[in-house]
Protein chains: 2
Amino acid sequence: MARTPPTKPRKNALQARSRATVDALVEATARILTRDGFEKASTNRIAEVAGVSVGSLYQYFPSKEALVAAVIERHNEEIMGIVRTALAEVADLPIDKAVRKLVTVAIEAHRINPKLHRVLAEQIPRTGQLKDVEAFNREIHTLVHTYLESRRKEMRKIDLDVATFICVSAIEAVTHNTVLHGAEMLSEKMVRTLVEETTRLVVGYLR
Amino acid sequence: MARTPPTKPRKNALQARSRATVDALVEATARILTRDGFEKASTNRIAEVAGVSVGSLYQYFPSKEALVAAVIERHNEEIMGIVRTALAEVADLPIDKAVRKLVTVAIEAHRINPKLHRVLAEQIPRTGQLKDVEAFNREIHTLVHTYLESRRKEMRKIDLDVATFICVSAIEAVTHNTVLHGAEMLSEKMVRTLVEETTRLVVGYLR
DNA sequence: ATATAATGCGAGCATACGCTCGCTTTTCCA
DNA sequence: TGGAAAAGCGAGCGTATGCTCGCATTATAT
C-alpha cells in the first residue's frame, strides 16, 4: 500500500471520474481561448464552463498557466502526429510529390482550429513553454532533414541544414498566412493553387 | 480665442514639455514591453518608468491599450519607412538584384528590435490594431505587386497576386525565423548565406 | 455497514490593476 | 506682474482575478 498520506496529490492520481474532470477543464480552456481570447480565460470562468468548481480545478492544475500549457501540449501533440504520419508516408516519394503532400497536410493541420492556433502562438512566450515548442520545431527540422538527405541525388549541391531551414520556414509561412490572414474565405480552388505554387517554390529551390 | 472650456483635452494639445511627456510614456511602454513583456506593463509602472505620474499618463492616453497602440504605430511607421525606401531604390534593378536587396533590408529591419517586434506581434489582436496592420500589409503587397508588374518580362507566366503573396510570405518567414528563433547568435557570414539562399528561393520561383 | 480515502465544492481572502479627481506647480502672455 | 490655462501629481476607489481552505459528497475496501 502506498505510504502517501492523504495530502493533496501534488499533481494528479487520476483513476476514475477525475480523468473526466481534467479533460473537461482542458477542453473548456481551449474553448474559451478560441472563442474569447486569453484575457477572458479566468480560472473561475474556466471552471464554470467545464462544469466544475474552482477548487477542483486547483486540485489538478497548480496555476492558470498550467492549464494553458496543457492545451498547448495537446494541440502540439495532435499536429506532430499529423506531421510524423505525413513524413512517414512520404519517405519513398520523389521530392516534388513529397513536397506537395507536405504542403497539403500543413494547410490541413492549420485548418483544424486556426483561432486556437493563433491564440496559442501568442501565449507560448507567456507560459514558458518556449522550450517545448522549440523541441517541437527541432523534431520537424530533423525529420525534414533526414528526408532531404535520403533524396540528395535529386538535389543540387547544397547545405542541408540551411535548405531545411529555408524550406520549413517557407512552407510554414505560406500555410500560416493562408489560414490566419486569409481568414476562412478559402475556396478549394485557391487552396489547390497555393499548394501548387508553394510546391513549385520549394522544389525549384532544392534543385 | 477658442471656445473650448478648460476641460481635459480629450486627446492632446501638445505644445511644450507635454510633448516630451508623451514621448517618455511611449518610450517607457516600449522598454517595458521589450524587457518584461505585456503583463508587466501596468499603467502605474509605465508612468513610473517614464518619470511621470499616472494622472499625466491619463491626460494623453485614454487607456492602456492606447499606449500599446501608439508603440505599434511608431514601430510600424519606422519599418514602413525602411521598406518604402528600399523598394524605391530597387525599382530599376533586375529581379535578382532587387530581391537580394529586399531580403537584406528585411533582415536588418527585424534586427532593430527583435524582442519588441515579437511582443507587438502578440499584442496586435488585443489592441484592435489589426486593421492598421492589415493596411500595412496591403501597402507592402501593393508595392511589391507594382514592382513585379514592371519586371514581368523577366518572369514566367504567373498570377501576380499569388506570386506576390508567396514571395512576401517567404521573405517574411525567413527573416522572422532568422531573427526570432535563431536568437542573436547570427554571424555575418550566416546572414549572408541566408540572404543568398532566400534570394535563390524567390528568384528561382519567379522565373 | 462502516471506515477511509478520493474527489468535488464555492464563499471569500489577498492582491494588483486600471483609472479618477481634487489639488499643486509651471508656463504663457496681456 | 498677475492671473488664467496647461501640465503634472499621486492617494485611493472599485473591481476583477488567482487562489485557499474547510467542509460535503462519492467511491472503495473490508
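In what follows, every chain begins at residue 1, and chains take the letters A, B, ... in the order their sequences are listed.
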Measure the distance from [atom1] on [X] to [atom2] on [N] and round it to the nearest whole Å.
{"X": "Arg19(A)", "N": "dT7(C)", "atom1": "CZ", "atom2": "P", "value": "11 Å"}
{"X": "Leu57(B)", "N": "dC17(C)", "atom1": "CG", "atom2": "C1'", "value": "13 Å"}
{"X": "Ile32(B)", "N": "dC17(C)", "atom1": "CD1", "atom2": "C1'", "value": "14 Å"}
{"X": "Lys64(A)", "N": "dA16(D)", "atom1": "NZ", "atom2": "C1'", "value": "11 Å"}
{"X": "Tyr60(B)", "N": "dG18(C)", "atom1": "OH", "atom2": "P", "value": "20 Å"}
{"X": "Gln59(A)", "N": "dG22(D)", "atom1": "CD", "atom2": "C1'", "value": "13 Å"}
{"X": "Ile46(A)", "N": "dT17(D)", "atom1": "CD1", "atom2": "C1'", "value": "11 Å"}
{"X": "Phe61(B)", "N": "dG18(C)", "atom1": "CZ", "atom2": "C1'", "value": "16 Å"}

If you count heavy atoms of other groups shown closer than 6.0 angstrom to CZ of Arg31(A), is the number above 12?
no

Look at [X] and [N] and indicate whether a side-chain polar atom (N or O) is within less than 4.0 Å of OP1 or OP2.
{"X": "Thr43(B)", "N": "dC17(C)", "answer": "no"}
{"X": "Thr21(B)", "N": "dA7(D)", "answer": "no"}
{"X": "Tyr58(B)", "N": "dT20(C)", "answer": "no"}
{"X": "Ser56(B)", "N": "dA7(D)", "answer": "no"}

I'd like to know if [X] and [Y] make a salt bridge, using a cut-off of under 4.0 Å between side-chain N and carboxylate O.
{"X": "Arg45(A)", "Y": "Asp36(A)", "value": "yes"}
{"X": "Glu89(B)", "Y": "Lys97(B)", "value": "no"}
{"X": "Glu197(A)", "Y": "Arg200(A)", "value": "no"}

Any donor-acceptor N/O pair, Thr34(A) side chain to Ala30(A) backbone, under 3.5 Å
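It does hold such a pair.
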
Nearest-nucleotide wise, let me know which of Asn44(A) and Ala41(B) is further upstream toward the 5' end of DNA chain C.
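Final value for this comparison: Asn44(A).
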
Residue pair Val54(B)/Gly51(A) against DNA chain C: nearer the 5' end by closest nucleotide is Gly51(A)

